[in-house]
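Below is one structure, written out as structure tokens, with a few remarks after it.
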Amino acid sequence: MPEAIRAVRGMNDILPDESGLWEFFDDTIRTWLAGYGYRNLRTPIVEQTDLFVRSIGEVTDIVEKEMYSFIDQLNGENLTLRPEGTASCVRAVIEHNLLYSGPQRLYYSGPMFRHERPQKGRYRQFHQVGVEALGFPGPDIDAELIIMCARLWRLLDIPDVRLEISTLGSIESRLVYRTRLISYLEKFYDELDEDARRRLKTNPLRILDSKNPAMREILEGAPHLFDDLDEDSLIHFDALQRILRNQGISFEINHRLVRGLDYYNRTVFEWVTDKLGAQGTICAGGRYDGLIAQIGGKPAPACGFAMGIERILSLIRETDAAEIHTVPDVYVVHQGDIAAGFSWKVAESLRDEGFKVVLHSGGGSFKAQMKKADASGARFAAIIGDDEAATGQVSIKSLREAAEQVKIDLTKVTVFLGNI
Ligand code: ATP
Ligand code: MG
């Protein structure tokens, strides 16, 4: 026998026992997003590699080592499986001139690809929901994005998610800070790890995001970006905090918060839980006023976030909301040729009325079929023998409660089931 083929490392199947939870999540976010006026945008999974290089930034984990890039064998184009959704969203908005008709509230949901070391909460194919508000300059929209996250945690019954916020200021103020940070870190050059040394010249702010404990210790004494902030960014940040306080959203200011992607300015935020170990960030976002122009659009402000669905679902799984199964209402068992023909009619009539129906397939005795009916979790079995078929009737047996089995006309079955 040939060796069985397995899924690619770090890329997971979502099996039927688990997909109910995913569908519950999809349903929940759909109503949640509609409640705030965000509309769905669906973009291709493959994009020109340049899109990500130009938007995410060359000296980032993603672009340096995590992208699935390949040359299209047919036309030589350099393509990449999307590692995140903001770049594609902004590309599509520019390409279709969506901002022409005013600011846009958009969201996307789907798989993203990053070549990372797989571990709990970190996969090579993972899923994100991303929400982007394009064309809005004010801090009210930053607040809206944060407030809607807080509502989602309530809807999903996820407790104890901490909000951390900060501001990166303007691109100009960041340059001033960059010089100060470099001179501080140069004093520790001998103790810096390889990554940090490389980034010292190219992208020193990213060192602040280092997960290496030795680096974290050095960073304790590093100067604060906060001291170099421009006036307008400070006003923006104050206004955001005021709205959050008025809306009863608690937060901590974390001066070390630098997002992994280059395109952020002003507001950055993360929602973090202590329940997932090192992979505790379930949602991250911020403002990226420069990105649209950076990838060729007419300059416009923007703000957004993305959440990791796998991480969120592993939190829901631990709460009671995990009791989500898709079970049929009725399992139809049948024996005999005439009964088999009639069973189609029964199943389809029930489906016409909105019942979830499994029609038995594969033959077997009534007893064996009833075992399958029971195992399906259905509330009722519809039993059809040739007698029933001959008179256009169906025997209904409750599988979950002690009740008499009753024989009724097919025409009355849906009313009968609907009344129980
Ligand atoms: P991290 O620091 O954990 O690598 P990141 O800064 O690279 O995160 P973002 O690009 O901001 O992550 O993505 C937003 C969210 O998507 C993260 O907060 C996380 O919940 C989720 N996420 C990111 N990478 C992965 C992954 N490889 N597997 C599962 N979820 C992920
Ligand atoms: Mg990462």
Side-chain angles (χ1 to χ4, degrees), residues 7-12 14 22 25 29 51-53 55-57 59-68 80-90 107-132 145-146 149 152-153 156 158 161-166 168 195 199 203 205-213 215-216 254 256-264 267-288 291 302-317:
V8 175
R9 185 166 135 79
M11 306 202 180
N12 301 311
I14 297 161
W22 285 75
F25 179 79
I29 60 153
L51 172 67
F52 302 115
V53 176
S55 58
I56 299 169
V59 197
T60 53
D61 283 347
I62 295 182
V63 172
E64 278 179 342
K65 53 190 182 203
E66 294 175 358
M67 294 209 298
Y68 282 92
T80 294
L81 300 186
R82 63 179 184 194
E84 55 102 47
T86 301
S88 310
C89 172
V90 169
Y107 80 91
Y108 57 81
S109 174
M112 306 294 160
F113 302 84
R114 297 184 194 177
H115 196 101
E116 306 198 60
R117 193 170 64 80
Q119 53 198 290
K120 188 172 181 293
R122 195 175 288 287
Y123 310 101
R124 290 182 174 173
Q125 174 174 327
F126 64 100
H127 298 76
Q128 286 184 336
V129 173
V131 177
E132 318 282 2
L145 292 168
I146 289 174
C149 289
L152 183 63
W153 313 144
L156 295 173
I158 301 177
V161 198
R162 235 174 32 244
L163 171 63
E164 298 187 355
I165 63 172
S166 187
L168 300 177
D195 254 5
R199 291 194 162 140
N203 192 351
L205 264 74
R206 290 283 292 116
I207 303 175
L208 296 176
D209 204 20
S210 171
K211 286 168 181 120
N212 177 350
M215 292 307 100
R216 300 220 63 88
N254 176 358
R256 305 253 167 265
L257 205 64
V258 275
R259 305 280 314 109
L261 319 172
D262 265 0
Y263 50 57
Y264 290 103
T267 310
V268 283
F269 63 88
E270 288 195 358
W271 290 93
V272 189
T273 165
D274 294 328
K275 299 207 166 72
L276 299 174
Q279 269 57 254
T281 304
I282 57 171
C283 176
R287 187 158 272 285
Y288 50 93
L291 181 63
C303 193
F305 64 78
M307 58 181 83
I309 304 183
E310 281 82 357
R311 293 186 193 177
I312 290 172
L313 293 190
S314 66
L315 290 172
I316 303 182
R317 212 169 280 132

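Indexing begins at 1, ligand by ligand and atom by atom, following the structure's order.
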Intermediate values then yes/no, side chain to side chain donor-acceptor pair (under 3.5 Å), Gln125 and Tyr68: CA-CA 10 Å; Gln125 174 174 327; Tyr68 282 92; over 6 Å; no
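Note that the CD1 atom of Ile62 and the CZ atom of Phe52 stand 9.5 Å from one another [nearest 0.5 Å]. Separating the CZ atom in Phe113 from the OG1 atom in Thr80 is a distance of 12.0 Å, to the nearest 0.5 Å.
Of all the atoms in ligand 1, the ones that sit under 4.0 Å from a non-hydrogen atom of Ala284 are 11 (O). In the vicinity of Ala306, heavy-atom distances shorter than 4.0 Å reach the ligand 1 atoms 14 (C), 15 (C). Near Ile282, meaning under 4.0 Å from any of its heavy atoms, are these atoms of ligand 1: 20 (O).
At a 4.0 Å heavy-atom cut-off, ligand 1 does not touch Met112 at all. Under 4.0 Å from ligand 1, not a single heavy atom of His127 appears. The proximity of Asp61 to ligand 1, defined as any non-hydrogen pair under 4.0 Å, does not occur for either the backbone or the side chain. With a 4.0 Å cut-off on non-hydrogen atoms, Glu116 touches ligand 1 through its side chain and not its backbone.
Ion pair Asp274/Arg162 flagged as a salt bridge, since at least one NZ, NE, NH1 or NH2 atom sits closer than 4.0 Å to an Asp/Glu carboxylate oxygen. Salt-bridge annotation for Glu64 and Arg206: absent, with no side-chain N of the basic residue lying under 4.0 Å from a carboxylate O of the acidic one.
Residue Glu310 has no N or O atom closer than 3.5 Å to an N or O atom of ligand 1.
Gln279 does not count as a contact of ligand 1, since none of its heavy atoms falls under 4.0 Å from the ligand. Remark: distances from the non-hydrogen atoms of Lys211 to ligand 1 include one below 4.0 Å.
A donor-acceptor distance shorter than 3.5 angstrom exists from the side chain of Arg82 to the backbone of Pro111, with no hydrogens or angles considered. Here the side chain of Arg311 pairs no donor or acceptor atom with the backbone of Gly280 at under 3.5 angstrom. Within the 3.5 Å criterion, the main-chain N or O of Ala302 finds no donor-acceptor partner in the side chain of Glu132.
Nearest residue to atom 7 (O) of ligand 1 from Arg114, Lys120, Glu84, Arg122 is Arg114 (criterion: closest heavy atom).
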